[in-house]
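Computed over heavy atoms, backbone and side chain alike; hydrogens, waters and symmetry mates excluded. Below, chains carry the letters A, B, ... as their sequence lines are ordered, and counting in each starts from 1. Owing to the predicted nature of the structure, the values given are computational and were not obtained by experimental measurement.
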There are 2 protein chains.
Amino acid sequence: MFADRGYEAVTLRAIAKEIGYTHAVIYQHFPDKWHILAELSSETIGLLIQNFDAIAAKHPAPKERLFATSRGLIQFCTAHPQQFRNVFFGPENRNGIRAGQYINDIGTPLFQRFVQLFFDVARDEGLPSRDDIVVAHTWWYTIFGLATLMVIQGVVPDLPDQNLVVEQTIATLWAGVQVVPRLPKRAVSKRPGRSSAAKQ
Amino acid sequence: MFADRGYEAVTLRAIAKEIGYTHAVIYQHFPDKWHILAELSSETIGLLIQNFDAIAAKHPAPKERLFATSRGLIQFCTAHPQQFRNVFFGPENRNGIRAGQYINDIGTPLFQRFVQLFFDVARDEGLPSRDDIVVAHTWWYTIFGLATLMVIQGVVPDLPDQNLVVEQTIATLWAGVQVVPRLPKRAVSKRPGRSSAAKQ
DNA sequence: TTGTTTTATCACCATTGGTTGCAAAAGCGC
DNA sequence: GCGCTTTTGCAACCAATGGTGATAAAACAA
C-alpha cells in the first residue's frame with residue numbers, strides 16, 4: 001500500500017481495514033507508523049542486495065561485473081520506484097532518521113560490496129588510479145544519483161531515452177576512469193566571493 | 001520554517017503564530033499548505049537560476065564555465081539542503097505533483113541553459129561527440145544526482161571529503177566526454193532473464 | 001472448572017489541515 | 001463627521017489522523 005499510494009496517503013485505519021482488524025491492533029506489532037515503513041524498507045534493501053549478488057555471480061570478469069551491477073541497480077530502482085523513494089527519501093521518524101539510515105547496517109554491506117568490486121576492476125584492468133576509494137565513490141554516486149533522478153519525476157524535463165542515458169553514463173564513466181586524471185588540487189575558495197562551502 | 005524544520009513538521013498554526021495571526025488568515029492568501037511551499041520553491045529555483053547566470057557570466061571560456069557552473073550547482077544545493085529537498089523531493093499535492101514539477105516553467109530554463117552551455121563546450125573544445133544532447137543529459141544528471149546524494153543523508157555511508165568527490169566526478173566526466181565512446185548498442189534484454197525493463 | 005495470558009476492540013485524546021459565519025476595521029464618496 | 005461597502009481577522013467548528021488506555025473476549029494452562 002505504501003508502494004502504491006505513498007506513505008502519507010496510507011492511513012493506519014486503511015491498513016487495518018485491509019487486513020480485517022482495527023487500527024489499534026497494529027500498535028501491538030509496531031511502535032508507530034514509521035516503523036512499519038522501516039520494516040518494509042529493510043526487506044527492500046535485502047532484495048536490492050540479493051539482486052546485486054545475483055548479477056555479480058553471473059559475471060566473473062570484474063569489468064563486466066561492474067557494468068552489469070551498475071545497470072542492475074538502476075533497473076531495480078526504476079522497477080520499484082516508490083519503494084526506492086520510501087527508503088531513501090521517505091519520511092523521517094521523530095529523531096530525523098530516514099528508513100534508509102535506520103537500516104544502515106543492512107545498506108552498508110551493499111556499498112562495501114561495490115567498493116570491493118571496484119577495487120577488483122582497478123586491479124584487473126590496471127586502472128591508473130591513485131585514490132581508488134574516491135574513484136569508487138565517484139562511480140557509485142553517479143550511478144546512484146542517476147537512479148534517483150530516474151525515479152523522482154520532475155527534476156529534469158524532456159529526458160530522452162532513459163536507457164541511452166544510462167549507457168552513455170556508464171560509457172563516459174568508464175572512459176573517464178581509464179584516464180583518471182590527477183586532480184587539479186583546485187582551490188574553490190580562491191575567489192573572494194561571498195559565503196560558500198556551506199556544509200549543512 | 002520549512003527550511004529549518006521540514007514541511008511536515010511545520011504546522012499552519014505555528015506559521016500563523018510566527019506572523020502574529022490566526023491560521024485561518026493564511027487561507028486568504030494560499031489555497032492550501034502545499035501552495036505555500038510551491039511559492040517558496042519558486043523563489044528557490046529563481047535563486048538557483050540567478051546563481052547559475054552569475055557564475056556563467058564570470059567565466060567566458062566555455063569549458064571553465066561548464067566546470068564552474070557544475071561546481072556552483074552543487075554548492076548551491078549543499079548550501080540550501082532543505083530547500084532543495086522540499087522542491088524536488090518534497091510533498092506532492094493532491095494531484096501527485098511536486099513543487100519542482102509544478103513550477104517546471106521556471107525549472108526548464110535552467111536545464112536549457114545548461115544544454116546550450118554544453119553545446120558551446122562541445123563546439124569550442126571540438127568534442128568528438130555525436131549525440132551531444134545525450135552527453136549533455138549525462139553530465140547534467142551526474143552533477144544533479146551527485147548534488148542530491150550530498151543533500152540527502154543516509155544513502156551512502158562513510159563518504160570521504162565531499163569536495164574531493166565533486167572534483168573527481170567532474171574530472172572523470174571531462175575525461176570521459178573527451179573520448180565519448182561510441183555506445184555499444186548493447187541489448188539489455190538479450191539475456192532471457194525474468195522481467196526487466198520496468199519503465200514505471 | 002479455575003486462573004492467567006494473549007488478542008482484539010471500543011471509546012477516547014490531541015493535533016492537524018481546512019471551512020464558515022461574523023464582527024471589527026479600513027476605505028471611500030459626500 | 002456620516003453612511004455605506006469592502007477588506008481583514010478571528011473564534012468556533014469540522015473531519016481525519018496518529019496514538020493511547022481500559023476492557024472484554026478468546027486462548028491457553030492447571
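- Residue-environment remark: NZ (K63(A)) exceeds the threshold of 12 foreign heavy atoms within 6.0 Å.
- For S70(B), the side-chain hydrogen bond (donor to acceptor under 3.5 Å, both in side chains) partners are W139(B), not counting sequence neighbours.
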Enumerate, atom names and distances included, each donor-acceptor pair closer than 3.5 Å involving a side-chain atom of residues 20-37 of chain B, sequence neighbours excluded.
unit_1, atom_1, unit_2, atom_2, d
D32(B), OD1, W34(B), N, 3.3
D32(B), OD1, H35(B), N, 3.1
D32(B), OD1, H35(B), ND1, 2.7
D32(B), OD2, R94(B), NH2, 2.9
K33(B), NZ, Y7(B), O, 3.1
K33(B), NZ, V10(B), O, 2.9
W34(B), NE1, P91(B), O, 3.0

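- Under a 3.5 Å cut-off, the side chain of S42(A) and the backbone N or O of A38(A) do not form any donor-acceptor pair.
- Where the helix from dT1(C)-dA30(D) to dC30(C)-dG1(D) starts and where it ends, the local axes point in directions that differ by 0°; five pairs per end, rounded to 10°.
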For nucleotides 14-16 of chain D, which of its nitrogen or oxygen atoms have a protein nitrogen or oxygen under 3.5 Å away, and what is each distance?
none

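- Rounded to whole Å, atom P of dT16(C) lies 11 Å from atom CZ of R5(B).
- Every residue meeting the salt bridge (charged side-chain N to carboxylate O under 4.0 Å, His left out) condition with R123(A), not counting sequence neighbours, appears here in chain and number order: D120(A).
- Aromatic rings of F88(A) and F144(A) (six-membered ring for Trp) have centroids within the 6.0 Å cut-off, being under it.
- For R13(A), there are no salt bridge (charged side-chain N to carboxylate O under 4.0 Å, His left out) partners two or more places apart in sequence or in a different chain.
- Between H137(A) and F111(A), the distance from one ring center to the other falls under 6.0 angstrom.
- By the side-chain hydrogen bond (donor to acceptor under 3.5 Å, both in side chains) test, W174(A) pairs with Q178(A), sequence neighbours left out.
- For the ring-ring contact (aromatic ring centres under 6.0 Å, His included) test, no residue two or more places apart in sequence or in another chain qualifies with F52(A).
- Contacts between residues 23-41 of chain B and DNA chain D, defined by a heavy-atom separation under 4.0 Å, are made by A24(B), V25(B), Q28(B).
- The side chain of R94(A) contributes no N or O atom lying less than 4.0 Å from OP1 or OP2 of dG18(D).
- Atoms CG (N93(B)) and P (dG18(C)) sit 11 Å apart, rounded to a whole Å.
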Where do N or O atoms of nucleotides 25-28 of chain D meet protein N or O atoms at under 3.5 Å, pair by pair?
none

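- Partners of R65(A) by side-chain hydrogen bond (donor to acceptor under 3.5 Å, both in side chains), not counting sequence neighbours: none found.
- The closest donor-acceptor contact from the side chain of N93(A) to the backbone of G96(A) lies under 3.5 Å.
- Atom C1' of nucleotide dT17(D) and atom NZ of K17(A) are separated by 15 Å, given to the nearest angstrom.
- For F119(A), the ring-ring contact (aromatic ring centres under 6.0 Å, His included) test picks out no residue, with sequence neighbours left out.
- Atoms CE (M1(A)) and P (dT17(D)) sit 11 Å apart, rounded to a whole Å.
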